[in-house]
2 protein chains.
Amino acid sequence: MSSADQPSAEELLEHLSQLYPDLSPQLKKAAAYLMENRVEFALQPIRKTADAVDVAPSTFMRLAKTLGFDRYDSLRQVFQRSLQEGQGNFSSRADSLIELGGRCEQQGVVAEMAGCTYRGIEELFGEEMVSRIKQAAELILASPQVHVLGLRDSYSCAYHLAYVGSVAMSHIRLVRAQEGSLFTELARIDKGDLLIAFAFHPYTRETIEASRIAIEQGAQLICITDSLRSPLVPGAKVVLEVQTETPNFFPSIVTSITLIEALLAVCVARGGKKMLTKIRRFDQQMEDLGGYYTEE
Amino acid sequence: MSSADQPSAEELLEHLSQLYPDLSPQLKKAAAYLMENRVEFALQPIRKTADAVDVAPSTFMRLAKTLGFDRYDSLRQVFQRSLQEGQGNFSSRADSLIELGGRCEQQGVVAEMAGCTYRGIEELFGEEMVSRIKQAAELILASPQVHVLGLRDSYSCAYHLAYVGSVAMSHIRLVRAQEGSLFTELARIDKGDLLIAFAFHPYTRETIEASRIAIEQGAQLICITDSLRSPLVPGAKVVLEVQTETPNFFPSIVTSITLIEALLAVCVARGGKKMLTKIRRFDQQMEDLGGYYTEE
DNA sequence: TGAGTAAAAGTACGTTTGTATTATTTTTTA
DNA sequence: TAAAAAATAATACAAACGTACTTTTACTCA
């Protein structure tokens, strides 16, 4: 047990399973339901819960008191909280990392960062996200041209996607915005093309304007951004939301980079052999041109 | 949309994010809360939710109706259901993301990537690494000039470090290598300066040569690379080794980016107030110059 | 058999809930 | 600048809620 005040759901269930054999028949029914339906239990009011087991509401009140709670709601809150925390694999490790970090100042910062990173990545590999990544990959493979746009703090993302992506898929290119060339570059976006745009808060004005223009020109948009409220979202075909929170003064791009690499992996997996030979050819060329370092 | 009867939470949030720009101010506040606190929204009654946003309860009712629901509870139930499902599929499996992989081909790739990413980051936050990060930060803060070099697949790393870093520390600059300007740029590296160089296998020839020249010129070197046998290591003052392995055809830069952000965090933590005012001034300037997007 | 005693169900009540309605403020339009 | 419209806040109320209390049931033991 960690704290008598607010036991975790797991601790509680373990405690309950020990008490179980000695409970009265009705309390057993109630306890059994709780053990096997924690989520429903957390969400439903006492009356609905009681109905589900065909038991009087007061039975669940007695159960709460048997477990040492003063009120029914305290019991239910335990399970609501466990829902909120999501009890994810990474998050729990992250928490322990943070606890560990308190020792010295810098380690604290780093540990907190680690926590954010873990949480961000965990979200990234959820089912919903994976299916979106697949959608995005589909779009990339189907489009005649793919333009990648990211400015300022998002430029690293755009560059990474465009550089690595173009090795495997020659129809991917980076939208450059040096010396005010952005809007000239936009002219190269044709109807039916795909634009992949990156923007994190505070959003760079040009990125927003550029993607609106692209949509007007008949292009499709995939946006990678930090919130569903981002000005990039309206009009986007696929929205890839990433976690950018961090104790730092700038938004973290770690999850975005991870997303990019996952996206590329899926593209290659779908792209088949054609793509593999393309990659091999690129490697060969680099070697022939002396682009790579070889010892002595 | 799949079913008009009971849209999924994700569909709903996407729908909402499309509507978002046209909502009234108060409805935006409510919508924003919903988009970023789905779990709390599912658990709390309307009054608590309204209080959290400092909005009248009726605002949330209007939000529900705006989204096409007849009653507030129907909206909340959508998120309650998504809680139930999310809980069942994921966390109850509890162990590792990799287990999740087998289901379909693409998900397998993604899951394996998740594993690599996780391992890489875990290594990064070990004690040994943290102490090296501190050494590196010390060097950065002590040097009169810091040059950041990374080419090809490492350019995103170099750019990220230099761009974000220069916001807080004006003595950080990116070494550019466009149109063969690399060696001209190297002339700017003085004795006592610091060079931070990135290179991953297969190592780009110019990066290796450039850092050797820099050392000859009396500069110190921090290298961020994927192996202790990397040609960048000899002569380096601090070596930061990162994990780049991944099922992909290119080395992953996720851990490098994470390292960069940790490094910056430590720099800022040590840099004190001077740095904070510098960051604030940058923000102010960007806002004044209209660099950031603001709604309407 | 019938008092005694847990356990369970039922009842009643003050709160809190969602919601329709009305009032107020803000914004738009003429 | 005044009127009209829209958006927001306040109010009121019935339904549903948790919970204390009472009644009924089931069982134990003189």
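To find a chain, count down the sequence lines: A is the first, B the second, and so on, and within it residues start at 1. The model shown is predicted, which means the values in this text are computed figures rather than measured ones.
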Separation of dA7(D) atom P from K28(B) atom NZ, nearest Å, is 12 Å
Rounded off to whole Å, could you give me the CZ-to-C1' distance for the R62(A) and dT22(D) pair? 14 Å
Between P on dA12(D) and CE on M61(B), what's the gap in Å once rounded to a whole number? 18 Å
Minimum side-chain heavy-atom gap L13(B)-R38(B) below 4.5 Å: yes
Starting at atom CD of Q26(A), determine the distance to atom P of dC27(D), rounded to an integer number of angstrom. 12 Å
Of the listed dA8(C), dG18(C), dG18(D), the closest approach to the Y72(A) side chain comes from dG18(D)
OP1 or OP2 of dG18(C) under 4.0 Å from side-chain N/O of R76(B): yes
At their closest point, which heavy atom of I215(A) faces which heavy atom of G235(A), and how far apart are they? CD1-O, 3.7 Å
How close or far is atom P of dA7(C) from atom CG of L23(A), stated in whole angstroms? 10 Å
Check ion pair R76(B)-D73(B) (N to O, under 4.0 angstrom): yes
Going by the ring pair (Phe, Tyr, Trp, His ring centres under 6.0 Å) test, which pairs reach into residues 36-65 of chain B, not counting sequence neighbours? F41(B)-Y72(B), F41(B)-F79(B)
Counting only heavy atoms and a strict 4.0 angstrom limit, can you tell me which residues of residues 52-59 of chain A come near DNA chain C? A56(A), S58(A), T59(A)
Could you give the CG-to-C1' distance, from D73(A) to dT16(C), as a whole number of Å? 11 Å
Give the rounded distance in Å between these two atoms: NZ of K29(A) and P of dA7(C). 16 Å
Measuring from the side chain of S24(B) (C-beta onward, heavy atoms only), which nucleotide among dA8(C), dT8(D), dG18(D) has the closest atom? dT8(D)
Pairwise side-chain contact, L63(A) with L16(A), heavy-atom cut-off 4.5 Å (strictly under): yes
Using 0.5 Å steps for rounding, measure from the OG1 atom of T204(A) to the CE atom of M286(B). 6.0 Å
Return the value, rounded to whole Å, for the distance between atom CG of D70(A) and atom C1' of dT19(D). 12 Å
Would you name the heavy atoms of D193(A) and H147(A) that are closest together and state the gap between them? OD2-NE2, 2.9 Å
For a quick test of reading the model: is some side-chain N or O of K65(A) closer than 4.0 Å to OP1 or OP2 of dA20(D)? yes
Answer with base, sugar-phosphate or nothing: what part of the nucleic acid does R71(A) contact at a heavy-atom distance below 4.0 Å? sugar-phosphate
Categorize R47(A) for me: base, sugar-phosphate, or nothing, with a 4.0 angstrom heavy-atom threshold over every strand shown. base
